[in-house]
Colleague: 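Right, I'll just put the structure down here and ask away after.
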Number of protein chains: 2
Amino acid sequence: MVRTAQAGKECCPNVLAAPLSETEAGDLARAFAALGDPVRLRLLSLLASAPAGEVCACELVVPVGRSQPTVSHHLKVLSEAGLIVGDKRGRWIWYAVVPERLTLLRRALEP
Amino acid sequence: MVRTAQAGKECCPNVLAAPLSETEAGDLARAFAALGDPVRLRLLSLLASAPAGEVCACELVVPVGRSQPTVSHHLKVLSEAGLIVGDKRGRWIWYAVVPERLTLLRRALEP
DNA sequence: TCGACGCATCGACAGCTGTCAATGCAAAGG
DNA sequence: CCTTTGCATTGACAGCTGTCGATGCGTCGA
């Protein structure tokens with residue numbers, strides 16, 4: 001497993017500090033690409049701004065105005081990018097953001 | 001002189017604070033999508049880590065290992081996303097990052 | 001057991017994207 | 001003037017991506 005430094009001190013590659021290696025650039029690019037879609041940004045926003053910090057997937061379809069399969073697809077993309085996690089409870093799946101992952105991306109853009 | 005929107009409060013949409021509108025999401029998504037490519041991230045990184053803060057376009061082709069038209073294309077994408085600016089001097093064009101733009105994206109990911 | 005429900009997967013399709021060779025174009029330099 | 005140089009644009013193409021309807025699969029309630 002490619003444990004490229006998890007949340008720590010010299011934790012993450014920084015875009016603005018030194019030239020990125022190809023692998024660093026590839027990893028970061030996948031994460032940013034996951035943010036590069038308006039529907040996914042809105043999904044992320046809906047999850048983060050929910051009082052409970054998590055939202056049932058069934059409540060995400062209407063707000064974003066896409067079909068259920070499309071929403072499911074976007075949730076998968078966000079999930080594979082490590083930006084959200086899903087918790088299955090009975091028939092429902094509750095999704096929540098992974099703040100550490102967002103922090104890592106924010107750090108990558110720090111001066 | 002651009003004293004619009006007192007820089008502090010409603011400066012920029014935040015993904016994690018409240019549900020994004022479609023236009024906000026679209027605008028942010030375009031910016032993040034520009035970061036969603038390893039070649040563009042490396043270009044950005046090369047510009048930012050340059051001692052002079054800017055780099056001649058002619059010095060970007062070899063490091064990223066892509067053809068000159070491809071590099072030109074990526075520079076255009078970054079430029080249209082407001083992440084970099086080009087300054088033409090004689091035959092050369094010197095590119096530099098726009099730190100304010102990156103700060104705005106970082107803010108969008110703040111808790 | 002059975003039907004309804006929630007979510008994922010599949011198949012298909014249009015549109016977008018990254019890439020390069022060829023070409024165009026403006027700015028020096030001769 | 002003509003040539004060279006640096007960069008952008010064009011045309012073309014394969015691969016990826018967002019989208020939806022149809023379908024499959026597991027989980028509950030009746």
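So you know, we letter chains A, B, ... as the sequences are listed, proteins then strands, and number each from 1.
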Colleague: Atom pairs under 3.5 Å, N or O on each side, protein against nucleotides 1-5 of chain D: can you list them with distances?
Modeller:
unit_1 : atom_1 : unit_2 : atom_2 : d
dT5(D) : O4'    : R91(B) : NH1    : 3.4

Colleague: Name every residue in residues 66-79 of chain A that has at least one heavy atom under 4.0 Å from any atom of DNA chain C, in order of residue number, or write none if there are no such residues.
Modeller: Q68(A), P69(A), S72(A), K76(A)

Colleague: Quick one: list whatever passes side chain to side chain donor-acceptor pair (under 3.5 Å) with T103(B), sequence neighbours left out.
Modeller: none

Colleague: I need the full list of side-chain hydrogen bond (donor to acceptor under 3.5 Å, both in side chains) pairs touching residues 81-91 of chain A, with sequence neighbours left out, sorted by first then second residue.
Modeller: E54(A)-R89(A), D87(A)-R89(A)

Colleague: With P69(B), which residues qualify under side-chain contact (heavy atoms from CB on, under 4.5 Å), at least two apart?
Modeller: S67(B)

Colleague: Among residues at least two apart in sequence or on other chains, which ones pass side-chain contact (heavy atoms from CB on, under 4.5 Å) with L16(B)?
Modeller: A48(A), L102(A), N14(B)

Colleague: Can you check the W94(A) CH2 to dG6(C) C1' distance for me, whole Å?
Modeller: 13 Å

Colleague: Tell me who clusters with V62(B), hydrophobic residues only, linked when side chains sit under 4.5 Å apart either directly or through other members.
Modeller: none

Colleague: Short of 4.0 Å, heavy atom to strand atom, which residues of residues 52-64 of chain B count as contacting DNA chain C?
Modeller: none

Colleague: What's the CG-C1' distance between D87(B) and dC7(D), to the nearest Å?
Modeller: 14 Å

Colleague: Please list all pairs meeting side-chain hydrogen bond (donor to acceptor under 3.5 Å, both in side chains) that have one or both residues in residues 26-48 of chain B, counting only residues at least two apart or in different chains.
Modeller: R40(B)-H74(B)

Colleague: In the hydrophobic clustering that connects Ile, Leu, Val, Met, Phe, Trp and Tyr at side-chain heavy-atom distances below 4.5 Å, which members other than V98(A) occupy its cluster, ordered by chain and number?
Modeller: V85(A)

Colleague: Mind running a 4.0 Å heavy-atom check of residues 28-50 of chain B against DNA chain D and sending the residues that fall below it, in number order?
Modeller: none

Colleague: Should Y95(B) be listed as having a side-chain N or O under 4.0 Å from OP1 or OP2 of dA8(D)?
Modeller: yes

Colleague: I need the full list of side-chain hydrogen bond (donor to acceptor under 3.5 Å, both in side chains) pairs touching residues 76-85 of chain A, with sequence neighbours left out, sorted by first then second residue.
Modeller: none

Colleague: Does R106(A) reach the main-chain N or O of L109(B) with its side chain, forming a donor-acceptor pair under 3.5 Å?
Modeller: yes

